[in-house]
Q: 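Take a look at this one; I'll ask things after.
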Amino acid sequence: MRLGLSARLSLLVATVLVLALIAFAWFWTGLRQTESEIAQRAAALLAERARTDLAVRATQTADYLGQALVNPLFYVDLLSIQDLLAPVQRQADVASVVVYDQAGRMMHDGSVDLAAFGEQVDNGLLPADGKPVLSWGRELLEVTAPIRLDERLIGAVRIGFHLNPIETESAAARVEVDRQLSTLHRRQGQSFAALGIAILVLGAGTAWLIARGWLRPIQELAVMSRQLAAGLYAKMPISSKRQDELGELVRAFEQMSESLASHEAAMRREAQEDSLTGLANRRRFGEQLDRALRHLAQKRTQAALVFFDLDAFKQVNDALGHESGDFLLRETARMLSKAAEELGLGEHGIVARLGGDEFLALFTGDQAEERARLCAERLLADLNGMRPSQLLARNPSASAGMAVYPAHGDTAKSLLKAADLAMYAAKRAGGGKLCRFEPLAAEGDYENLLADLTQQLREGNAAAQLHLLYQPIVDLNSRKTLGVEALIRWHHPQLGELPPVAFLQPALRAGLGIELSRLTVKMALTDLADWLNQDPARFVSINLDQASWNDGELLTRLREQLADAGVKPQQLCLELPERLYWDQPEQSQRQVARLRELGVQMWLDDVDGGAERASTMRHFRVRGIKLDHRLVAGMLRKPEDLRQVQVLIQVAIDAQLEVVAEAVESEAQVKLLTAAGCTLGQGFGLVMPISAADLLKREATDYAASL
Amino acid sequence: MLWLTAATAAEQRVLVMGRLSDDPGGYIGRLQPLLDYVVADLADFGVERGQVIMARDANQMASYIRQEKVDWVGDTAAVALLLIDRSDAVPLAMVAKHGSTRYRTVLFARRDSGIANIADLAGKTIAFQNSNSTSAYYLPAGMLLDAGLRPAILVSPLEKPAPGVVGYAFSRLEANSAAWVHKRVVDAAAVSDQDWEDTARVPDSFRKDLRVFAESPAVPRGVELVRPGLDPALRDRILQRLLGAPESEAGRKALSEYFRTERFVVPDREDLDDLYALRPWLRRVREEVE
């Protein structure tokens, strides 16, 4: 049976109380016994004392009579004798007084008649040494004193004292002592009862105090713990002013609670905030937009959404470095926030960074569109007012697209898409301006864009506008480039350099995936044939989309392209997102096997799975895995990410797979990765993506340096 | 101490009564009431209070009288006679009890003693009271002498007398005498007829075993004397006061305290003759016994 603290405490208190009561009872019994013995002894002592007193009195009386009776006896002055005996006889406990002569003849017995005068007295001897003699009988004390005329004994006086008065007095004393003792006992009993009750009350009080002072806070702490576990960071309901250990515990608990609360708040903030600019992130913006739209629908209020995208931000990054890029992003965020605040965002308005160089601003309430327009214009002007860099030909600028609720869209998705399209319209128009969404035109533009791309691809002219950049994959220790990942770019004749996000997903959705990958493989093999042939260990890695992965002619086509380019299959790697692999594991496994048969190698891309999946990694039969950039980015800040990275690396090593860390941006990451056993990495922190021509030049430099 | 005749008028304040006694504590209570009763009538003589003086024997008292330390003395006939002879004290009044100013001595013995008359006392023992007693010493001793017996004092009443001699011992009190006889300590005893009749002295339980076997002639019972030279007027006033005592409650009470005296009478010729007639007895006892 489990005993709680309360139960144990109650048991302890009860035990102590019972022991105390037993001790009381024992003490009480002992006391009674002692008192009874004392009473007995007192009575005995009293009797003894009375006997002693009697003996003294008897001796003194007899002695006195012995002296006083000398002359009366000598002269046989019976009347004088009688006068002397009378006061003695009158004493209550005197049984008899007898005066007799030296021959033992009775001379006087105190009576008037003297009936026994002259008769022989029993044992009428004279005390041999001339002193009073005591004779204790059962009922009488007899004292015999000599009567001396000078040295001559002329007779003796004998007094008999009753002993029963002593017995009676002793018994009476005993009765009185017992009576007083019983009074005392009654008082003692009352005192003991009071004491017992006091102890009971004290025990109960102590138990209550302990329960109240110690157990209840503990129980409350337990309740609080459960609340904390459930994520309820309520204020601690118990006092923490106590100075004892429990107080420390409560305070520690409070600290823990506060720490957890602030930690969670930080996490929440992190989850909803853009760490670079402090603006709301995409997720929070999405939530806020949803809330705002629900509210606006009820209130029939207007809203305006502005989508900003910095123009040629990539060039800033490339030319001035990430720090400058980050600075520009932070400045943009600051200026946007300032302008939006000054103009007023409205009740549900919000400013956010969507990621990369994209920003959003939502205005609600009256004249939302006007405020949005003013805000956009001010930001564009502010950007334009920034000092141009030496390395950049022109001032920073941005393209802004605005969509109005509910005219341009009554859902978050449609509104965002409208703003997005408007922004692209601005970009197509040369950037640095604000475009209001024009429904028909936008659709047309977008469609046109895709149609354009499709057209280019179909006409085989895509290669003219599409080109590849190569992200080197290096040995983290030697920093030597072992391979590259091909990254597609579109240089639009009118729009300029378009990032993959601008066209890739729409293109894939439009079913251009297979064509794009075919083209990419072809371009890459063409670009890098020489570079690859210089070192058979080098490889080029190309991303596959779902359509290509499922394409039945993938192998055939690859075989042809490899042959055409004169590149060994081993030097071609395909990167397949892990999630695609798991969409159809068996089919994926068969495809991997076929590719291996061909000689083409596979990387599992964006691997961030848990150990559960990692444990099955050895069955993938791939060359290796590429750690998801989010994990790599998070491992410096989040212990769980670091832990995950370490686990994945260890599992991969155990499965004899290579590991590439993506998006490595700092030396700190390199240290952690190499310490965990990761040997390969890619990212801005190592080498920036470069063109094929630059790659070849770089290799030449590296080669020279190695000599 | 002041007494009347030896002091000035201004100092004449105390009337002194004398008495022979070996028990002053026991006697004072008997004397003082009568003295106070008398003094109460002597204010015009400048007498304010009365005082009692005790003496062990007649010679001492006679000396007090001669020195005028005592104004008034009362006692039995034998002592009174001695004081008259030795200090010229003057008889003032006679004590009367039971209607008589006379009493006598009785001699008694146990009925089973075989003593039937005085002569039987030869070789026996007899108890007297004390040597000042008229009825229990002088008279019986005189009777023994008259009977031709030879009294001889004993060291202890238990002692046996020489053959032919009558051994006597003083018992101090009449009651002792009766007890002695009854308890066969002595063979006989002498007491006044008044004491014989007194159950306090002779308990009935004794008396039934006792028998009187001789009596003396009647003699004056008690005599009040005053010292010679006392102011006659004062003397007369004292006498009148004594004589008048039975007529008042206070007087009767004082008389009763005074040895249960019934009254006082003025001694006549016969009284004085009877008193003086004792002189030869006394002389013979003193000469032949003591």
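Residue numbering restarts at 1 for every chain, and letters A, B, ... go by the order of the sequence lines. These values consider heavy atoms only, across backbone and side chains, with no hydrogens, waters or symmetry-generated copies.
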Q: Count the heavy atoms belonging to other residues, nucleotides or ligands that lie under 6.0 Å from CZ of Arg111(B), then report whether that count exceeds 12.
A: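 Atom CZ in Arg111(B) is crowded, with more than 12 foreign heavy atoms closer than 6.0 Å.
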Q: Quick one: donor-acceptor pairs under 3.5 angstrom, chain B versus chain A?
A:
unit_1: Arg172(B); atom_1: NE; unit_2: Asp77(A); atom_2: OD2; d: 2.6
unit_1: Arg172(B); atom_1: NH2; unit_2: Asp77(A); atom_2: OD2; d: 3.2
unit_1: Arg172(B); atom_1: NH2; unit_2: Ser80(A); atom_2: OG; d: 2.4
unit_1: Asn176(B); atom_1: OD1; unit_2: Leu78(A); atom_2: N; d: 2.9
unit_1: Asn176(B); atom_1: OD1; unit_2: Leu79(A); atom_2: N; d: 2.5
unit_1: Asn176(B); atom_1: ND2; unit_2: Asp77(A); atom_2: OD1; d: 2.2
unit_1: Trp180(B); atom_1: NE1; unit_2: Val76(A); atom_2: O; d: 2.4
unit_1: Lys183(B); atom_1: NZ; unit_2: Asp113(A); atom_2: O; d: 2.3
unit_1: Lys183(B); atom_1: NZ; unit_2: Leu114(A); atom_2: O; d: 2.7
unit_1: Ser205(B); atom_1: OG; unit_2: Asp113(A); atom_2: OD1; d: 3.0

Q: Taking only residues two or more places apart in sequence, or in another chain, which ones meet Asp146(B) in a salt bridge (charged side-chain N to carboxylate O under 4.0 Å, His left out)?
A: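 Applying salt bridge (charged side-chain N to carboxylate O under 4.0 Å, His left out) to Asp146(B) gives Arg284(B).
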Q: Given the options Leu114(A), Leu78(A), Val76(A), which has more heavy-atom pairs under 4.5 Å with chain B than any of the others?
A: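 Looking at each of Leu114(A), Leu78(A), Val76(A) in turn, Val76(A) comes out on top.
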Q: Looking at residues at least two apart in the chain, or sitting in another chain, which of them share a salt bridge (charged side-chain N to carboxylate O under 4.0 Å, His left out) with Arg252(B)?
A: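 With neighbours one apart ignored, the set is Glu249(B).
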Q: May I have all residue pairs that pass salt bridge (Lys or Arg N to Asp or Glu O under 4.0 Å) and include part of residues 117-131 of chain B, sequence neighbours excluded?
A: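 As it turns out, there is no salt bridge (Lys or Arg N to Asp or Glu O under 4.0 Å) pair with a partner in residues 117-131 of chain B once direct neighbours are skipped.
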